[in-house]
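Lettering of chains follows the sequences in order, A, B, ..., and the numbering in each one begins at 1.
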Protein chains: 2
Amino acid sequence: MASSVPGSAPTRAPNPSPLLGRVSVASAPPTLAERKRRLVSEELRETALQLLAVRGYDETTVDDIVAAAGMSRRTFHRYYASKEDVVIQLLADLGDQMRDELTARPPAEPPAESLRHAVTVAIDFCAGHHDAAKTLAVVRLILRTPVLHARSLERQSRWQADLAAILAARLGLEAEAFYPEMATRLAFAALNTALERWAVSEGQVDPLELTEQAFAMLEPALRR
Amino acid sequence: MASSVPGSAPTRAPNPSPLLGRVSVASAPPTLAERKRRLVSEELRETALQLLAVRGYDETTVDDIVAAAGMSRRTFHRYYASKEDVVIQLLADLGDQMRDELTARPPAEPPAESLRHAVTVAIDFCAGHHDAAKTLAVVRLILRTPVLHARSLERQSRWQADLAAILAARLGLEAEAFYPEMATRLAFAALNTALERWAVSEGQVDPLELTEQAFAMLEPALRR
DNA sequence: GACTCTGTTGACACACTGTGCCACGGAGGG
DNA sequence: CCCTCCGTGGCACAGTGTGTCAACAGAGTC
């Protein structure tokens, strides 16, 4: 065990409260403890993002963050494995959402179309969000900070592998088939091109339009 | 200045020996000091790779490495910025080589062909090297170690941007044009697919063949 | 209310990393 | 011979991430 972790320290809670076995129940009423944890987590995250944006990533220490949030460094690390994690965890759900979207697409649909929809989930997550300005700031921070960029690319690499496996299954191919692997990689190439342009343009260009443009280019390669 | 760095600490020496101004001369006779530095650097690197391979990446500390190499931690950090760097620096020249290859391709050549040649440089670097077994071990180490994988992807991202700029210039487009960006990303998708399959197959599959297969798929998308 | 059980927190200690600084020592030039 | 240049190791220090422990708050039980 990784010492006494408050419910859901990293990525995702396998089971926040072992006694109350409400795991997969959709609308489980959140416990007080659970709401408290979420509150602390959010407080930490907001304080961190604030500081990182103002003072820069490298110039901000974990001690700065916890001091501003009025907590101890030990508590910080119970919620986030590292300073990078505060930022990267914001994208945590994205992989799941893309996976779900691809799974949900009709099996008869051409792969190019399904992948375009999966990628669009990510675009929507970033640009179509409640307040896109904040997401834009985060994406820009990631792209401009080498450590964060590296970690986000690595995470993408896992998503890509997941999507490839799903696509392979859909097409009735073995998991290591060539086409699903390449196809998903091309989809991420499109996604990254769109996202990066959206970010450097400060949100001026329409990422959805860029995505469609990219997939138009990919279409002949994705045809089977 | 980053304290007294022995000649060429990170990535590449801008000028190993400031007094002898022989920089761009191709076959400059290496100084004694320079050979000594190279020797220390190699000793450190070999010791590190040995330990990393045997004991695993996370289980090996920098102190372990320098103890085995009979040097101080301070000296280690004069040659390598971090433990990751020992591994990642092995690929340092690769970006330059790909850039050079792309630049050297005939301007009239179709972009797909030029990119395929650039990517092949990387494949040759890995698989066609003096002893491919060692390179294979390194590549496998990188792919299996999240931190290293992340850093190598980030590095690739820079190479991709470089290649895109070169391709744009070759095609007479502005640097931020859509086609060169997408085209280079697709090329790297092909490269990574081939490299990864080569690595997981323990060097059994032919990465060149895979590369050609990948570019065959990309060809219609890369056509202009 | 008292008691227990569970889970969160802060404090402390510790291992590891990366860097600035300084003093030592060898190599080479005056 | 002296003096400068440069690589090196030792030391100190800031920062990170983790194990451990005591304190404490909530919830449920009697």
**Study point:** Which nucleotide in D:dT8, D:dG17, C:dG10 has an atom nearest any side-chain atom of B:V40
**Key:** D:dT8
Review point. If you round to the nearest 0.5 Å, how far is CD of B:E34 from CG of B:L39?
Key: 12.5 Å
Point to revise | Whole angstrom value for the distance that separates C1' of D:dT16 from CG of A:D85 | key: 13 Å
Point to revise | Rounded interatomic separation in angstrom, taking OH from B:Y57 and C1' from C:dC16 | key: 12 Å
Practice item. Would you kindly give the CG-to-C1' distance between B:D58 and C:dT17, to the nearest whole Å? Key: 14 Å
Practice item. Consider the side chain of B:D63, meaning its heavy atoms from C-beta on, and name the nucleotide among D:dT8, C:dT8, C:dT17 that approaches it most closely. Key: C:dT17
Exercise for review: Could you check which of D:dT8, D:dG15, C:dG10 has an atom nearest any side-chain atom of A:T61?
Suggested key: D:dG15
Point to revise | Candidates C:dG18, C:dC16, C:dA11 - which lies nearest the side chain of A:R78 | key: C:dA11
Practice item. Output yes when A:D131 and A:K134 qualify as a salt bridge under the 4.0 Å nitrogen-oxygen rule, no when they do not. Key: no
Exercise for review: Mind calculating the distance between CZ (A:R73) and P (C:dC14) to the nearest angstrom?
Suggested key: 14 Å
Review point. So A:L91 and A:W159, side-chain contact (heavy atoms from CB on, under 4.5 Å) or not? Walk me through it.
Key: CA-CA 11 Å; A:L91 312 176; A:W159 299 342; 4.2 Å; yes
Review point. For A:Y79 and C:dT9, is the shortest distance between a side-chain N/O and OP1 or OP2 below 4.0 Å?
Key: yes
Practice item. Determine, for B:E154 against B:R158, whether the closest basic-nitrogen to carboxylate-oxygen distance falls under 4.0 angstrom. Key: yes
Study note, to complete from the structure: Winner on side-chain proximity to A:R37, out of D:dG17, C:dT8, C:dG10, is C:dT8
Review point. Atom CZ of A:R74 to atom P of D:dA23: distance rounded to whole Å?
Key: 18 Å
Practice item. Among C:dA13, C:dG10, C:dT17, find the nucleotide with the atom closest to the side chain of A:M71. Key: C:dG10
Exercise for review: Whole angstrom is fine here: how far is it from NE2 in A:H77 over to P in C:dT8?
Suggested key: 18 Å
Practice item. Go through B:R185 and A:T193 one step at a time and tell me if the side-chain hydrogen bond (donor to acceptor under 3.5 Å, both in side chains) criterion holds. Key: CA-CA 8 Å; B:R185 284 188 192 267; A:T193 302; 3.0 Å; yes
Practice item. Report the distance from atom CG of A:D64 to atom P of D:dA14, rounded to the nearest whole Å. Key: 14 Å
Review point. Atom NZ of A:K83 and atom P of D:dA14: how far apart are they, to the nearest Å?
Key: 17 Å
